[in-house]
Number of protein chains: 2
Amino acid sequence: MSDLLERLRGRGWRLTAQRRVVAEVLDGDHVHYTADEVHAKASERLPEISRATVYNTLGELVSLGEVIEVSTDGRAKRYDPNAHHDHQHLVCSRCGTIRDVHLHGDPLSALPEPERYGFEVSEVTVTYRGICPNCTAAA
Amino acid sequence: MSDLLERLRGRGWRLTAQRRVVAEVLDGDHVHYTADEVHAKASERLPEISRATVYNTLGELVSLGEVIEVSTDGRAKRYDPNAHHDHQHLVCSRCGTIRDVHLHGDPLSALPEPERYGFEVSEVTVTYRGICPNCTAAA
DNA sequence: ATCCTACATTGGACAGTGTCTAAGTCAAGA
DNA sequence: TCTTGACTTAGACACTGTCCAATGTAGGAT
């Protein structure tokens with residue numbers, strides 16, 4: 001993700017220690033953390049980083065299209081660094097963890113014209129829900 | 001929706017004025033209100049109804065399968081009274097209004113077995129996003 | 001019709017998530 | 001090295017939702 005930092009710098013981003021750490025956290029594992037989880041991880045490397053900065057930085061990464069915001073459960077949003085590959089999500093209804101999944105076909109084409117009601121439809125998200133193997137085992 | 005109340009009473013629900021009003025609000029327009037909007041509407045008819053009761057009642061209606069909980073934006077959840085007809089949602093990215101839409105085919109079958117990672121997949125929601133005619137005109 | 005009691009409601013405190021602001025700090029160009 | 005405007009900080013705040021103890025009441029029992 002070091003090229004991410006380069007790309008952002010090219011767009012006029014000021015490169016600070018805080019932003020670097022947030023980007024590194026997102027790059028690290030391919031898990032979908034909540035903002036506060038990102039903050040916790042970031043604090044391990046840069047203890048004085050503030051919650052507001054993490055929220056700001058995540059918001060910027062989202063509007064720059066580098067990260068996708070996923071809100072599956074009405075609780076905390078999660079951040080998905082895998083923004084450049086088209087994919088959908090599989091969510092555990094019990095523990096909330098998210099996996100990226102890839103579908104057969106294009107879900108956009110499943111919505112017939114008369115069902116579009118004059119909207120300019122530009123995006124579709126598909127979310128599968130179920131119980132993950134871990135939670136099944138723990139039950 | 002008066003048969004809703006009957007159905008619920010058959011399942012041992014105690015029929016109170018508060019529950020009746022919440023059910024009527026949901027039945028009224030076919031809009032997808034947030035919990036606090038339901039509370040506001042309900043207060044017009046029953047001023048002393050409390051927020052906790054509205055949240056409780058909505059939660060019960062959801063677990064009884066009479067109403068669907070929709071969280072599209074990570075802000076307030078919205079409640080969809082149209083639970084008995086399989087459908088998906090079309091959301092305006094600008095003003096947030098929601099329309100029910102009906103799809104070709106079953107989106108569950110679009111997720112190949114190897115992409116299920118041992119989950120017991122039981123549910124799928126598809127959300128289309130775009131700009132509604134109103135917002136397009138206003139732009 | 002009245003009584004009982006388990007269930008429902010109330011209001012207010014609390015918790016989680018996210019936003020805002022004023023003051024201080026610093027990256028990076030001159 | 002200096003300057004400056006963008007960035008960060010801490011903490012207050014707002015919104016959504018949950019919880020609890022005290023109070024009220026629907027509906028079966030009598």
Side-chain angles (χ1 to χ4, degrees), chain A residues 5-25 32-43 45-64 67-80 95-96 98, chain B residues 2 5-25 32-43 45-64 66-80 96:
Chain A
L5 294 176
E6 270 320 304
R7 237 180 303 157
L8 294 175
R9 212 147 70 98
R11 297 204 222 173
W13 242 40
R14 199 179 271 185
L15 199 42
T16 67
Q18 290 85 347
R19 285 172 171 180
R20 206 187 313 261
V21 169
V22 169
E24 281 169 11
V25 167
H32 302 66
Y33 293 122
T34 65
D36 278 347
E37 284 166 356
V38 172
H39 179 230
K41 296 270 173 195
S43 299
R45 309 193 197 186
L46 191 65
E48 67 281 15
I49 191 173
S50 85
R51 220 161 58 95
T53 296
V54 172
Y55 275 90
N56 287 342
T57 305
L58 288 172
E60 284 153 12
L61 288 171
V62 168
S63 38
L64 289 170
V67 162
I68 293 175
E69 203 173 59
V70 187
S71 60
T72 54
D73 58 352
R75 307 169 125 242
K77 293 176 195 158
R78 290 173 179 275
Y79 292 88
D80 180 350
C95 65
I98 301 181
Chain B
S2 52
L5 294 176
E6 271 319 304
R7 237 180 305 156
L8 294 175
R9 212 148 71 97
R11 297 205 223 171
W13 239 40
R14 197 179 275 186
L15 201 40
T16 67
Q18 290 83 348
R19 287 173 170 179
R20 205 188 314 262
V21 169
V22 169
E24 281 169 11
V25 168
H32 302 66
Y33 292 123
T34 65
D36 278 347
E37 283 167 356
V38 172
H39 179 231
K41 297 270 173 194
S43 299
R45 309 192 197 187
L46 191 65
E48 66 281 15
I49 192 172
S50 84
R51 221 163 58 94
T53 296
V54 172
Y55 275 89
N56 287 342
T57 305
L58 288 172
E60 284 153 13
L61 288 171
V62 168
S63 38
L64 290 170
E66 298 289 347
V67 162
I68 293 175
E69 205 172 56
V70 187
S71 60
T72 55
D73 58 352
R75 309 170 122 241
K77 293 176 196 159
R78 290 174 178 274
Y79 293 88
D80 181 350

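No experiment lies behind these values; they were computed from the predicted model shown. By convention in this document, chain letters (A, B, ...) are assigned in the order of the sequence lines, proteins followed by strands, and residues within each chain are numbered from 1.
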Report summary line: Whole-Å distance, B:Arg75 CZ to D:dG17 C1', equals 15 Å

Query raised in the report: Separation of B:Asn56 atom CG from D:dG17 atom C1', in whole Å?
Result: 11 Å

Query raised in the report: Could you give the CD-to-C1' distance, from B:Glu37 to D:dC15, as a whole number of Å?
Result: 13 Å

Requested in this report: Answer yes or no: side-chain N or O of A:Arg51 and base N or O of C:dG18 forming a donor-acceptor pair under 3.5 Å.
Outcome: yes

Query raised in the report: Could A:Glu60 and A:Arg11 be called an ion pair, given the rule that one side-chain N must be under 4.0 Å from one carboxylate O?
Result: no

Query raised in the report: C:dG11 phosphate, OP1 or OP2: any side-chain N/O from B:Ser50 under 4.0 angstrom?
Result: no

Query raised in the report: In whole angstroms, how far is the C1' atom of C:dA8 from the CG atom of B:Leu46?
Result: 13 Å

Query raised in the report: Taking the side chain of A:Gln18 as its heavy atoms from C-beta onward, which of D:dG17, D:dG27, D:dT9 lies nearest to it?
Result: D:dT9

Query - 5' precedence on DNA chain C between A:Thr34 and B:Gly12 (nearest-nucleotide basis) - result: B:Gly12

Report summary line: Of C:dG18, C:dG12, D:dT8, the nucleotide closest to the side chain of A:Thr16 is D:dT8

Query raised in the report: Are any of B:Arg19's side-chain N or O atoms less than 4.0 Å away from OP1 or OP2 of C:dA8?
Result: yes

Report task. Starting at CZ of A:Arg20, measure out to CG of A:Leu15 and round the result to the nearest 0.5 Å. Result -> 4.0 Å

Report summary line: Comparing nearest nucleotides in DNA chain D, the 5'-proximal residue of the pair B:Leu15, B:Ala76 is B:Ala76

Query - Proximal nucleotide (of C:dA8, D:dA10, D:dT16) relative to the B:Asp36 side chain - result: D:dT16

Report task. Calculate the interatomic distance between A:Arg9 atom CZ and C:dA27 atom C1'; express it in whole Å. Result -> 10 Å

Query - Between D:dT8 (P) and A:Leu58 (CG): distance, integer Å - result: 12 Å

Query raised in the report: Does the A:His39 side chain pair with the main chain of A:Ile49, one donor and one acceptor, at a distance under 3.5 Å?
Result: yes

Query raised in the report: Does A:Tyr55 have a side-chain nitrogen or oxygen under 4.0 Å from the phosphate oxygens OP1 or OP2 of C:dG18?
Result: yes

Query - Nearest-0.5 Å distance that lies between atom CG in B:Leu58 and atom OG1 in B:Thr53 - result: 10.5 Å

Requested in this report: Would you give the length of the straight line joining atom CG of A:Asn56 to atom CD of A:Gln18, rounded to the nearest 0.5 angstrom?
Outcome: 11.0 Å

Query raised in the report: Does the D:dA6 base have a donor-acceptor partner in the side chain of A:Arg14 within less than 3.5 Å?
Result: yes

Query - Nucleotide C:dA8, atom C1' - distance to CG of B:Leu5 in whole Å - result: 16 Å

Requested in this report: Please report, rounded to the nearest Å, how far the P atom of C:dT10 is from the NE2 atom of B:His39.
Outcome: 8 Å

Report task. Side chain of A:Ala52 only, please: which of C:dG18, D:dG11, D:dT16 is the nearest? Result -> D:dG11

